[in-house]
Amino acid sequence: MILSVRPGPLVLLVPSRAAGMELPRRLASTGRAVAGVYPLTLTDLARAVAEPTLLGRGLQAWDAGHAALVAARLLEAPHRLKLAPDVPLDRVAIALARTLSELRRAEVEPARLDTAADAGATPEDRERLRALAGLYRGFHERIEGHFADHATLFRAAREHLAEARWLEGAEILVADDLELDAVERRLLAALAARFPVRRIGRVRPPAIQASGFAGWAAVNGIREVEWKETELAAIAPSPAPAALARVKARLFEPPSGPADRDDSVDLLTAPGEAAEVRGVVRALLREAARGVPFEDMGVILPRPQEYAPLFTDLLARLGIPCRLHPSLPLRFGRTARSLLLLLRCRGLRRAEVMEYLTFAPIPFAEMLGEDVTPRPAQWDAMSRDIGIVSGLDRWIVGLRGQAETDRGEAARENDPERAERRRRRAADADALLRVVELLSGTLDALSGEASWPDWSARLRGVVDQWLGRERDREAVGDVVADLGGLAFLGARAPWREVERVLEARFEWERLPLDSLATGAVHVGVMDALAGLPFRVVAIPGLVEGGYPGVLRPDPFLLDAERQGLGAPLAAPEPAALPPAVRTPRSPARRQLSLFDDDPAPPPPEPPAGAREPIALPTAQDRLLAERRAFQRAIGQATERLILSYPRADARTGRERMPSLFFVAAAAAREGRSLGAADLARIVREDALDDTPLDLTLDRSERDRRRVRTGGREAALAISAGSAFFKQSHLSARARWSGQLTPYDGLIAFAPRDGVTTELAAEIARKLDPVTAPGPISASRLAVFARCGFQYLLECVLRLEPAEEPEERRRLDPLERGSIFHEVAEKFLRSQRDREVESGGKAVPAHFELGFGLSREAAPGEPHLQEALSIDIGDGRTLRVSGKIDRIDRRPDGTLVLRDYKTGRAPRDDGGLFRGGRQLQIPFYILAAARIFPDTPVVEAFLDYVDGGRQVGLDPALVRSDSFRALLRGLVDAIGKGVFVQEPTACEWCDFKVVCGPTPLLKRRRQLKLGDPRIQQVLRLRDVT
Ligand code: SF4
């Protein structure tokens, strides 16, 4: 059925491509004919009208990145803008490009800015405005007559409407409110003067009505009509339920009237963003269960970068079809990201090369041949083990050496399996070296200077060689191809500039829409989905500080100056727009007031023939635009609206507040202002405990839900079917229990869980320092004293941190300590004889004296071959080895013992234990007594060389019962496998990644303080 007969087409003017695609599709699905309907955004329409003219004039295409490039070039040339010397010019160029583009879009003549500069409020303002005027003139001259930028495109469309034959007899129907800048409004006004233009009505609060498109359209002869009066009548949304209708009509208005409490407006929160997304998806599934098709659901994202990946990942995992409309920067795509990673490999630093090789979709088969199996994980481990840092030479030497070694070993190996493993490693080294050499060649080709077309061709080759098929590959290819058209910037360009352009384009361009045959939940940023009604709309992420973001004034052109430029021009222009055209200026308002207490007055009628004033948006205008965008998004819901925010920061656990927009919607629903307590009452938490089992999203949620309601029995039942669940459940319970358990440092070597009695006895014997085959070193006992768990990881399990090989620019604390020891020893040895002769008080006498060590620490010193044996009572003897840093001799022959420390000195001097730092000295005193039986040690101290501080220990203490008791306590704890985590020692520990965040350790420690084994270890700290 043809709906109506009109002499020309129906141009359906839509605010987004999504609306342009979906509205005709929905209309077609009702059986109505859609012939002669042209769904277009205003920009598409402008292009269709202006392109023949612009091409005829030989103008070049313009894209979002060009403005920043031109701005960067202007900043590189002499200019009068005062910039701090350390300010990054790239960022300034981007901000400046925004201001200059706005001036172009508002069709400001450069001379007008000169005039404004003369009227600046202060000398500084005048200087800044003159500098801006100079830059704007340069910007304007580079574009005007050379490029079809936004302003040129819309001006050309306006001027050549009459030549657009395809528009003859057209009617224009505006599908929803449009957010237009000055040149766009002028084009629409020109259309309205030439063609019948109608707009579909929608519910708007009075303030939104006055400040936005509707207010402007009303005074420009664009008539509002109902859906049912239009060609889209068949897909007219049904009237909204009361609460939803009220929120649409009263948003940002002073709240009043009784609340509407149907369930059409769902206010939702959850602990963090991921939980919030789960809550929203659960709500969508509820809607699906009541019969709403997925394609009638829209998830509108004010903060796409945070939320789009969360939604698409979760929906994909649940098998729910989803269509992500262009919302994310292109750099989020795998091809663009891979290309940027490849460019970061310059210098061939290992970490960057491996990140690229393990992430990018590299067509290895084409590169290395079908018979080579690429193994990036093995390449990563191998290059780390070899210690490659960067540079092609290091890669070549390291990998060739590795391949040769492995081949040699394989040839000598008798075990065929081991030999095969060696051969595979050699093949890995060969393949990796081949890839790195190719990469090096590619990066070499991307350096120096070349013409833009040449850069474009080289990058095309890089994409072809290094990046396989991905959904964003074509879009990346387009960006690379566009580089060829940048010759206007200069005949040749350095690589640095090319890289900057690529990065900027990947930031500005959006990831393309995925093609999908089935109906799907629509997900997208606000402008990408604008104008498309859905039965169910969810708007997540409405959190304070997140949305709306902070709106800062433009530093180049202040708000007052923008308003000054907006004052109507005195003389009307002859070929001006129809008399009705004008732009209502927003009244000055308080920044971010929640409600509009004094609705904006209607715009004043301009004098006949006046040209539209220059419209440069201020920060307040941008805030009003944010409000309109939010109200328009809410207006897209026809049956159910879900608004949500995360009530806590997932990383820090800090509480977060809902945004003012969320509160405004809640207040509109309730008909009154709301405090924190009111919100807590009316906002629903997506709590797993209250979720019926059939609404759990996946197995993990189902299991957690069962455990919470069914307790231990449910946990056991689930554990029976899942070893993974069993282990994680056991460990979670144990870690948060009130006792030390095998999950947090207790080596329970009782014969159980398959451990034989013999094996348990063997473990116990090896752990116990008294029964262990060799002596324990004094420094290991000190590690235990610092943190029992660190002793377990470092001295029992022998874990070592996997460190990235790096160019040495500074020493680590261990190396620093050992170099200090070496240098101090050499220096003091050289001084020794001189000081003896000088008759000083105590002179250095011996260095690096070992006891119980297999090899001598320093030749020529009186070492003690055997370990120190200490009777710790109960018939047990502890054998200890170690090395004394230095012994000085006084004139009376008595000894002074020093132990160097290169770390921070403790704040107090009391206690033997002191985080283990002081534990070594008593052993040294005892060893010295054995080495020099006739000479007493009368003084001993820790020498903190960094702070020049010394902490003494009374040598008599080593004979005391308390020292023996301390050793007994340490030996008992180690022997019984009690390895307690010590959160106060975490700051400089290498194992933080194993243990997790310190605050968490502290909380668990509090829970377990009642365990007698922990108490025993803690009491050792009090030994004095
Ligand atoms: S991170 Fe803390 S608790 Fe863990 S081993 Fe190191 S010092 Fe001990």
Side-chain angles (χ1 to χ4, degrees), residues 651-653 727-728 730-749 763 766-767 769 776-804 812-817 901-908 911-920 942 944 966 969-1023:
R651 271 169 304 160
T652 62
Q727 278 312 317
S728 69
L730 285 176
S731 77
R733 271 173 63 92
R735 287 198 170 143
W736 291 99
S737 74
Q739 287 177 341
L740 186 69
T741 69
Y743 292 92
D744 36 32
L746 179 66
I747 299 294
F749 46 83
I763 294 172
K766 284 194 167 159
L767 272 185
I776 186 166
S777 76
S779 56
R780 282 194 176 187
L781 277 171
V783 170
F784 184 86
R786 196 158 51 239
C787 171
F789 200 69
Q790 188 180 345
Y791 178 93
L792 172 66
L793 300 178
E794 195 174 303
C795 309
V796 179
L797 302 178
R798 307 277 166 95
L799 291 190
E800 283 175 20
E803 279 168 3
E804 181 65 30
D812 70 27
L814 261 180
E815 288 168 326
R816 198 158 153 265
K901 290 285 176 228
T902 44
R904 269 182 306 176
R907 280 198 210 98
D908 69 300
L912 250 179
F913 203 90
R914 208 194 311 285
R917 277 184 291 251
Q918 202 150 300
L919 198 61
Q920 286 145 284
L942 291 167
Y944 285 93
L966 172 62
L970 291 175
V971 167
D972 284 348
I974 297 174
K976 286 179 184 156
V978 179
F979 300 111
V980 180
Q981 290 176 314
E982 180 46 61
T984 58
C986 297
E987 194 178 353
W988 302 108
C989 179
D990 283 334
F991 297 105
K992 272 189 286 204
V993 64
V994 178
C995 294
T998 311
L1000 219 61
L1001 295 182
K1002 285 185 177 160
R1003 275 177 57 199
R1004 289 213 299 262
R1005 155 67 70 83
Q1006 283 303 319
L1007 284 179
K1008 292 173 189 289
L1009 274 179
D1011 188 304
R1013 289 164 294 201
I1014 292 187
Q1015 282 302 326
Q1016 240 168 0
V1017 171
L1018 292 182
R1019 269 200 297 276
L1020 296 176
R1021 280 154 208 279
D1022 300 330
V1023 176

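From a predicted model like this one, the values you see are computed outputs, not experimental measurements. Whatever order the structure lists ligands and atoms in, that order sets their numbers, starting from 1.
For Lys766, the NZ atom sits in a loose shell: 12 or fewer heavy atoms of surrounding residues, nucleotides or ligands are nearer than 6.0 Å.
By the criterion of a heavy-atom distance under 4.0 Å, the backbone of Glu982, and not its side chain, is placed next to ligand 1.
The protein heavy atom nearest to atom 2 (Fe) of ligand 1 is Cys986 SG, 2.3 Å. Among all non-hydrogen protein atoms, the one lying nearest atom 8 (Fe) of ligand 1 is Cys787 SG, 2.3 Å. Counting only heavy atoms of the protein, atom 4 (Fe) of ligand 1 lies nearest to Cys995 SG, 2.3 Å. Atom 6 (Fe) of ligand 1 has its closest protein heavy atom at Cys989 SG, 2.3 Å.
Taking 4.5 Å as the limit, some side-chain heavy atom of Ile974 sits within range of a side-chain heavy atom of Tyr791. Between Phe784 and Val980, the closest side-chain pair of non-hydrogen atoms is not below 4.5 Å.
Remark: side-chain polar atoms of Lys1008 are not paired, donor with acceptor, to backbone N or O of Ile1014 under 3.5 angstrom.
Near Gln790, the atoms of ligand 1 lying under 4.0 angstrom from a non-hydrogen atom of the residue are 5 (S).
If you check the side chains of Glu982 and Thr984, you find a donor sitting under 3.5 Å from an acceptor.
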